[in-house]
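Dumping the structure here so I can ask a few things about it.
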Amino acid sequence: MMNKIQKVVVIAFAFVLSLSLMSFKKSSGSDVNTFIDKLRNAKNLEYEVTVYNKNSAANKYMKKFSSDTTIRQGQIQFDPQVFSEYVLSGYGTTNEDGRIAKAKRIFASADDLNSYARIYSPEPNKGYKGFTSPKENGWVWIDKDDVAAPEVGRSEDILKLYEKYANKFKKTEDDNYIYLDYSGDVSKDFEQVGKAQQTFADNKVFKSGKQYIKSVKLRIHLVIAKKDKATGEKMVPSEARIQIKAKGETDGVGAKLASEDNFIVSYRDINKINSIEKPAGI
């Protein structure tokens with residue numbers, strides 16, 4: 001039989017272990033909230049955003065795969081809103097088995113990334129779009145009245161998605177960074193996940209395909225720099241990745257559907273951009 005001292009030791013060990021687990025959960029959620037607060041309160045930053053989407057439909061008669069990719073790199077000031085960025089984009093579609101298999105494995109392998117542009121916006125919904133011109137030996141600019149600010153992972157729909165699962169993230173770290181990861185089935189949260197997805201991807205699955213969707217899986221990966229090497233600021237958002245996978249089946253023809261949306265953003269110089277200059281030629 002266990003003597004009194006052994007019982008005390010076991011109880012004490014169990015108590016310490018429970019505190020450790022509570023501390024782990026608290027620190028994980030706390031770190032997620034720190035990431036959210038730092039982004040929500042950011043005044044300006046430099047970003048690189050990659051969005052790529054994959055969609056497939058197949059039944060015993062046919063297969064179809066489509067995808068699109070957009071890569072943005074720039075600087076943005078939030079209030080008053082000003083931004084300047086370079087944009088590379090393209091899309092692809094195929095019904096060939098070999099190309100479909102490759103496209104499902106390799107990022108953007110089916111996309112023809114041939115659209116290259118530069119955007120400058122000095123105020124919301126107004127700006128200029130530039131295209132390279134060998135003839136002009138530089139950029140040719142046109143006025144635009146429908147210039148939307150890029151999604152950099154700071155919209156409330158995305159931040160609230162982080163908040164919803166904040167206490168379910170797993171935390172790992174090294175000397176320089178904290179890594180926060182969430183993965184799970186979020187089919188019951190279809191509406192909220194769809195709102196976040198629509199901030200960065202124009203995918204009809206979450207707009208009009210709800211009746212066909214059977215499952216939705218979500219992965220979130222957040223990275224926090226423990227210390228900014230230039231300023232010494234602690235706990236600075238460095239990277240965010242969101243992946244949303246949906247599967248379903250249509251009525252009638254019985255086509256199996258699969259959709260995958262990916263959002264990847266890296267951050268630099270948060271609150272360190274003094275001004276965003278108008279490009280030459282405007």
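Counting begins at 1 with the first residue of the sequence.
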Are the side chain of Gln77 and the backbone N or O of Pro80 linked by a donor-acceptor pair below 3.5 Å?
yes

For the side chain of Thr70 and the backbone of Val51, is there at least one donor-acceptor N/O pair under 3.5 Å apart?
no

Counting only heavy atoms not in Lys226, do more than 12 fall under 6.0 Å of its NZ?
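Atom NZ in Lys226 is packed in, count exceeds 12.
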
Can you tell me how the ring of Phe200 sits relative to the ring of Phe263, calling it parallel under 30°, perpendicular over 60° and tilted otherwise?
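It falls in the tilted class, 30° to 60°.
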
What one should report as the nearest heavy-atom pair of Tyr267 and Pro237 is CB-O, 3.8 Å

After noting the C-alpha distance and the side-chain angles of Val82 and Tyr120, does the key distance pass the side chain to side chain contact (heavy atoms under 4.5 Å, CB included) rule?
CA-CA 8 Å; Val82 181; Tyr120 171 72; 4.2 Å; yes

Do the side chain of Lys38 and the main chain of Met235 share a donor and acceptor less than 3.5 angstrom apart?
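Such a contact is found between Lys38 side chain and Met235 backbone.
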
With respect to Asp181, which candidate in Lys168, Arg219, His221 satisfies the side chain to side chain donor-acceptor pair (under 3.5 Å) definition?
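By the side chain to side chain donor-acceptor pair (under 3.5 Å) criterion, Asp181 pairs with just one of Lys168, Arg219, His221: His221.
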
So that I can tick it off, tell me whether Glu233 and Lys272 are bridged by a salt bridge, with the cut-off set at under 4.0 angstrom between side-chain N and carboxylate O.
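Salt bridge: no.
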
So, the side chain of Asp31 versus the backbone of Thr34: is there a donor-acceptor pair under 3.5 Å, distance only?
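Absent.
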
CD/Gln243 to CG/Asn262 distance, rounded to the nearest 0.5 angstrom?
4.5 Å

Just say parallel, tilted or perpendicular for the rings of Tyr128 and Trp141, cut-offs at 30° and 60°.
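Ring orientation, 0 to 90° scale: perpendicular.
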
Which heavy atom of Ser28 sits nearest to which heavy atom of Leu180, and what is that distance?
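Nearest heavy atoms, Ser28 then Leu180: O-CD2, 4.1 Å.
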
How many angstroms lie between CD1 in Ile119 and OH in Tyr86, if you round to the nearest 0.5 Å?
12.0 Å

Can any side-chain N or O of Ser187 pair as donor or acceptor with the backbone N or O of Val216 at less than 3.5 Å?
yes

Just by distance, no angles: are the side chains of Thr50 and Glu48 close enough, under 3.5 Å, to form a donor-acceptor pair?
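Judged by distance alone, the side chains do not pair up.
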
Nearest-0.5 Å distance that lies between atom CD in Gln75 and atom CD in Glu85:
11.5 Å

Expected output: side-chain Arg154 to main-chain Phe78 donor-acceptor under 3.5 Å:
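Between the backbone of Phe78 and the side chain of Arg154 there is no qualifying donor-acceptor contact (under 3.5 Å).
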
Rounded at 0.5 Å granularity, tell me how far CG in Asp68 sits from CG in Asn53.
4.5 Å

Mark yes or no for whether Ser56, through its side chain, and Lys64, through its backbone, hold a donor-acceptor pair below 3.5 Å.
no

Taking Asp228 for its side chain and Thr231 for its backbone only, find out whether a donor-acceptor pair lies under 3.5 Å.
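Yes; judged by distance alone, with no hydrogens or angles, the pair exists.
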
Is the side chain of Ser259 donor-acceptor paired with the backbone N or O of Ala246 at a distance under 3.5 Å, no angle test?
no

Give a yes or no on this: more than 12 heavy atoms of other residues, nucleotides or ligands lie within 6.0 Å of atom CG of Asn41.
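Counting neighbours around CG of Asn41, more than 12 heavy atoms of other residues, nucleotides or ligands fall under 6.0 Å, so yes.
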
Checking Asn271 side chain against Lys43 main chain: does a donor-acceptor pair fall under 3.5 Å?
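At least one qualifying donor-acceptor pair exists.
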
